[in-house]
Chemist: 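Below you'll find the structure I mean.
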Amino acid sequence: MSTLFDLPSEPGKYADLLDDLNPAQRAAVEHSGPPLLVVAGAGSGKTRVLTRRIAYLLAARDVHPGQIMAITFTNKAAAEMRERVGELVGRRANAMWVSTFHSMCVRLLRREAKTLEMSSNFSIYDADDSRRLITLVARDLDLDPKRYPARTLAAHISNLKNELLDAETAASKAANDFERRAAEVYGEYQRRLTQANAMDFDDLIMRTVELFQVFPDVAEHYRRRFRHVLVDEYQDTNHAQYTLVRELVGTKPTGSGVEPSELCVVGDADQSIYAFRGATIRNIEEFERDFPNARTILLEQNYRSTQTILSAANAVIARNPNRRDKRLWTSSGDGEKIVGYVADNEHDEAAFVAGEIDALADSGEAKYSDVAVFYRTNNQSRVFEEIFIRLGLPYRVVGGVRFYERREVRDALAYLRVLANPEDTVSLRRILNVPKRGIGDRAEAVVATHAERERLSFAAALRDAVAGKVPLLNPRSQRCIAGFVELMDGLHELVDSGTEVADVLEAVLERTGYRAELEESDDPQDASRLENLDELVTVAREFTEFADTVLEEQAEAEQEVDDAAGVPEPGSLPAFLERVSLVADADSIPSPDGEGGEEDSGVVTLMTVHTAKGLEYPVVFCTGWEDGIFPHMRALGEPAELAEERRLAYVAITRARKRLYVSRALVRSAWGQPMANPGSRFLDEVPAELVDWRRLAPSNGSGAGGGSPRAATTWGRRTGFGDDSAQAGVASRGMRTTSFKGWKDGWKDTVALKLDVGDRVSHDKYGLGTVVSTDGAGPRATATIDFGASGKVRLMLIGSVPMVKL
DNA sequence: ACTTCACGAGTTTTT
DNA sequence: CTCGTGAAGT
């Protein structure tokens, strides 16, 4: 790239962009030329570096905004980046591509649909849609759903796609029965996706890579255009995304002399917590090998937390093997000690957390919105909700079942999706008999068979059914199908006449009787379903309004329109669907300032540690730090998974700005059964002098979680539940009877059930087995046992293990 | 074709 | 315990 203004930058001229940065940050902003990896520790000003770098490119290096592509993982991150760049450079920011991997790919694929010989109005299938389609495929291939569960197949196929392997390659590489069958499913699944004019999330990436690799001229076109590529959260990229980035920037000049684009990636290997979804930490670890001449800059100064908190985080993460050393530091002082608490059970733990929040709020030390409570798994939120409700503590749970995953929302959207893409078989079959309209499994199967035999789409087969051209279809079903087709045709007319999305949605809810059915129901769940549908209508309404204002602005600014090809018209039905497919983010996270005026002290935020990544709070409660909970059971024997759990702990700790609490419970009910849990190994990794233990485990010389008679007496005088009989009943039922027994048995079992490799055991559930390996000692001892037909299982040997040594 | 019951499985999840 | 799926009954 050369411009008329290709002059060396004058020092001092861009002082406003640079002078409040530390030397490492400044180097990252000013760096020019070879690929750059910015290793950005938690709270080290990563977003600031990215946005400043973009502003600097524009101001000091005469880069045109249209030459910049900035890629993130979440819409939230993309929006934040766009906003912050906008603050620095104004409206010029609009010409940049700042988007998620997925929306960037959708945009490219819609533009280049012709090249790939597909239609630009393809549907986007999310995990649930693809699982449904895989269920259909597996059923058609007569696979035993026990041995080949759709979930597992879906995960396997997703992994293959993340590795850019197609069905044929997967088949040739298959090493066992499962992989062979999965490859078969993959092939058929892919065929059906194409037939439905649909792509799943993984396809979006994989097909874009294919686009670039099979059509070098297309790759060159975009490489010529995007001279600067920036990637956020690089540690979370999977292999397909890594390849995409490589293709985008290029590694050597093209035939027509286009040099590789300038690449800047930002990430932190210690915050890689999505390996289970295909993210591969190697991408960041091997960056310098992947991109020769690459430069690496380390950001270690932290602007978020106290030194106490950082020291704890450093100590924990340092235990991970094969890690590039990095030590966060701050100039802002030690601050408060970390507060530790060992609770008798999860209710006690929640009561402690609630009490502390209350005290902090009363003393004015913190507002509710300053506080976050983290847990490992969503089901742990329940105890907190129970007690928060009882105490009138305002809170909000983030995550769990998200808005766009709710059944009623998906049903409504499925109608819209069929209207936008009649070939979308998964959506069509979803709504075929929802609400019930007399088209049962039998009728559906008959139509599906007809479609298959005549090589018709399911939609076309339905029309054949109405015309009486489908054999074996009884007249009753035929009438019902005719009614359905008529209904859809009517809705189609609405869409064709340019009706607003929200009004189409209203028509769907009315004409199908969906709303009426919910209104008539006396199930309280259905009331909330109605609310969700109303919310969806509101979302649609706002979407159109927003699109209108954007269109006006664009008309005013006479913006370039070269990106418009294949891209849905703003505000249209396809645009709306694209948005809701790629934004699964409606349960927004409460703003740290609280929503309302000065009097409003906001709400406490409850979420999983995964959800917390990227956020920060003055006060953080890390709960449930028990071996088996956090680290999770499944990670206990797997070093790689344990390392990921430790990174998760690192993420949790580094969210805290001023005060950090860490707690665990001696006994926690899991699936109705009380479990005695030893303390998390991560707790032991926090230097003792950093922690002020408010309450310790009853000591009995047996180490963490040791059981003593005194532990039993403390159960009688728990805090928080004294006068609420219903709650106390719930809380104590498990403890006085089962739990007490379970606890004591667990204690004995810890001593009694000593297993060695080769021992034969008999388990109540899994039957006979042989010990394959053992790990840990005392209360955290585990054993991997091969139960033959029941598979290999890793079990904790503490608690009332329903197993005996033979 | 729809309802009811039993069973089993059950982390995390940016898109 | 709790939800979603699969087989039997009406």
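Just so we're on the same page: letters track the sequence lines, and every chain starts at 1.
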Chemist: State plainly whether the residues K46(A) and D232(A) are in salt-bridge range, i.e. N to O under 4.0 Å.
Modeler: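 Looking at K46(A) and D232(A), the cut-off is met.
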Chemist: Does any donor-acceptor pair link the side chain of R376(A) with the base of dT11(B) at a separation under 3.5 Å?
Modeler: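 No, the side chain and the base share no sub-3.5 Å donor-acceptor pair.
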Chemist: Side-chain N or O of N378(A) versus OP1/OP2 of dT13(B): is the shortest distance under 4.0 Å?
Modeler: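 Yes, N378(A) has a side-chain N/O under 4.0 Å of OP1/OP2 on dT13(B).
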Chemist: Rounded to whole angstrom units, what separation is found between the CD atom of E626(A) and the C1' atom of dT11(B)?
Modeler: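 It is 15 Å, rounded to the nearest whole Å.
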Chemist: Grab the NZ-P distance between K613(A) and dT15(B) for me, whole Å please.
Modeler: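 So the two atoms are 12 Å apart, to the nearest Å.
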Chemist: Return yes if a side-chain donor-acceptor contact under 3.5 Å exists between N121(A) and N197(A), otherwise no.
Modeler: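 Indeed, the side chains of N121(A) and N197(A) share at least one donor-acceptor pair under 3.5 Å.
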Chemist: Can you check the I629(A) CD1 to dT12(B) P distance for me, whole Å?
Modeler: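 Rounded to the whole Å, the gap is 11 Å.
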Chemist: Tell me: CZ of R634(A) to P of dG10(B), nearest whole Å?
Modeler: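 Nearest whole value for this atom pair: 8 Å.
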Chemist: Answer yes if the ring centres of H102(A) and F73(A) are under 6.0 angstrom apart, and no otherwise.
Modeler: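 Centroid separation for H102(A) and F73(A): 6.0 Å or greater.
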Chemist: Which is true for R407(A) with a 4.0 Å heavy-atom rule: it touches a base, it touches only sugar-phosphate, or it touches nothing?
Modeler: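 No contact.
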Chemist: Heavy atoms from C-beta onward define the side chain here; which of dT15(B), dA1(B), dT12(B) lies closest to that of R277(A)?
Modeler: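 Looking only at heavy atoms from C-beta outward on R277(A), the closest nucleotide is dT15(B).
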Chemist: Would one find a side-chain N or O of N75(A) under 4.0 angstrom from OP1 or OP2 of dT15(B)?
Modeler: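 Yes, N75(A) has a side-chain N/O under 4.0 Å of OP1/OP2 on dT15(B).
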Chemist: Kindly say if T74(A) contacts the phosphate of dT15(B), meaning a side-chain N or O under 4.0 Å from OP1 or OP2.
Modeler: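 No, T74(A) has no side-chain N/O under 4.0 Å of OP1/OP2 on dT15(B).
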Chemist: Once you measure the plane-to-plane angle for F682(A) and F630(A), does it fall in the parallel (<30°), tilted (30-60°) or perpendicular (>60°) bin?
Modeler: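 Perpendicular: the ring planes of F682(A) and F630(A) meet at over 60°.
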Chemist: Using a heavy-atom cut-off of under 4.0 Å over every strand shown, decide if E641(A) touches base, sugar-phosphate, or nothing.
Modeler: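 Contact class for E641(A): base.
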Chemist: Applying the side chain to side chain contact (heavy atoms under 4.5 Å, CB included) criterion to V409(A), which one of V580(A), L536(A), V539(A) satisfies it?
Modeler: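 Answer to the side chain to side chain contact (heavy atoms under 4.5 Å, CB included) test with V409(A) among V580(A), L536(A), V539(A): L536(A).
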Chemist: Would you say S477(A) and N474(A) are linked by a side-chain donor-acceptor pair, where the criterion is simply a distance under 3.5 Å?
Modeler: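 Per modelled atom types, N474(A) and S477(A) side chains form a pair under 3.5 Å.
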Chemist: Nearest whole Å is fine: how far is dA1(B) P from R479(A) CZ?
Modeler: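 Result: 12 Å.
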Chemist: Is a side-chain donor-acceptor pair under 3.5 Å present for N532(A) with E408(A)?
Modeler: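 Present: a donor and an acceptor within the cut-off.
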Chemist: dA1(B), OP1 or OP2 - any side-chain N/O from S477(A) closer than 4.0 Å?
Modeler: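 True: S477(A) side-chain N/O within range (under 4.0 Å) of dA1(B) OP1/OP2.
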Chemist: In whole Å, I'd like the distance from the CD atom of E386(A) to the P atom of dC1(C).
Modeler: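 To the nearest whole Å, that distance equals 13 Å.
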Chemist: Name the closest nucleotide to the W671(A) side chain, picking from dT15(B), dT11(B), dT13(B).
Modeler: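 Selected nucleotide (nearest to the side chain): dT11(B).
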Chemist: Between C1' on dT13(B) and CG on D129(A), what's the gap in Å once rounded to a whole number?
Modeler: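 The distance from CG of D129(A) to C1' of dT13(B) comes to 16 Å, rounded to the nearest Å.
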Chemist: Quick check: on DNA chain B, is the nucleotide nearest A443(A) upstream (toward 5') of the one nearest A279(A), or the reverse? Name the residue that is more 5'.
Modeler: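 Its nucleotide being nearer the 5' end, the pick is A443(A).
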Chemist: Using a 4.0 Å heavy-atom cut-off, does Y274(A) contact any base of the nucleic acid, only the sugar-phosphate backbone, or nothing at all?
Modeler: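 If one applies the 4.0 Å heavy-atom cut-off, Y274(A) turns out to touch a base.
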Chemist: Provide a list of protein-nucleic acid N or O atom pairs under 3.5 angstrom, restricted to nucleotides 5-8 of chain C.
Modeler:
none

Chemist: Flag the pair Y125(A) / F201(A) as yes when their ring centroid distance falls below 6.0 Å, and as no otherwise.
Modeler: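 Not close enough - the centres of the two rings lie 6.0 Å or further apart.
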Chemist: Measure the distance from CD on E385(A) to C1' on dT2(C) and round it to the nearest whole Å.
Modeler: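 For the pair E385(A) CD and dT2(C) C1', the rounded distance is 15 Å.
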Chemist: Under 4.0 Å, heavy atoms only, any strand: does E645(A) hit a base, just the sugar-phosphate, or nothing?
Modeler: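 Base, at least one base atom sits under 4.0 Å.
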Chemist: Centres of the H610(A) and F276(A) rings: under 6.0 Å?
Modeler: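 Yes: the rings meet the under 6.0 Å criterion.
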Chemist: Please figure out whether E444(A) or E644(A) has its closest DNA chain B nucleotide nearer the 5' end.
Modeler: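 Per heavy-atom nearest nucleotide, the more 5' residue is E444(A).
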Chemist: Applying the salt bridge (Lys or Arg N to Asp or Glu O under 4.0 Å) test to D126(A), which of R417(A), R410(A), R132(A) qualifies?
Modeler: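 Testing D126(A) for a salt bridge (Lys or Arg N to Asp or Glu O under 4.0 Å) against R417(A), R410(A), R132(A) leaves exactly one candidate, R410(A).
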Chemist: Enumerate all atom pairs, one protein N or O and one N or O from nucleotides 2-5 of chain B, separated by less than 3.5 Å.
Modeler:
from	atom 1	to	atom 2	distance (Å)
dC2(B)	OP1	G438(A)	N	3.2
dC2(B)	OP2	N433(A)	ND2	3.2

Chemist: Tell me whether dT12(B) sits syn or anti, counting syn as a glycosidic angle within 90° of 0.
Modeler: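 This nucleotide is in anti.
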Chemist: Does T611(A) put a side-chain nitrogen or oxygen below 4.0 Å from OP1 or OP2 of dT13(B)?
Modeler: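 True: T611(A) side-chain N/O within range (under 4.0 Å) of dT13(B) OP1/OP2.
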Chemist: Under 3.5 Å, sequence neighbours excluded: what are the donor-acceptor pairs made by side chains of residues 430-441 of chain A?
Modeler:
from	atom 1	to	atom 2	distance (Å)
R430(A)	NE	D411(A)	OD1	2.7
R430(A)	NH2	D411(A)	OD1	3.2
N433(A)	OD1	R437(A)	N	2.8
N433(A)	OD1	G438(A)	N	3.3
N433(A)	OD1	I439(A)	N	3.2
N433(A)	ND2	I439(A)	O	3.0
R437(A)	NH1	I431(A)	O	2.8
R437(A)	NH1	L432(A)	O	2.7
R437(A)	NH2	Y415(A)	OH	2.8

Chemist: Identify whether a stacking contact exists between H632(A) and dT11(B), where the ring centres must be under 5.5 Å apart and the planes under 30° apart.
Modeler: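 Given the distance and angle limits, yes, they stack.
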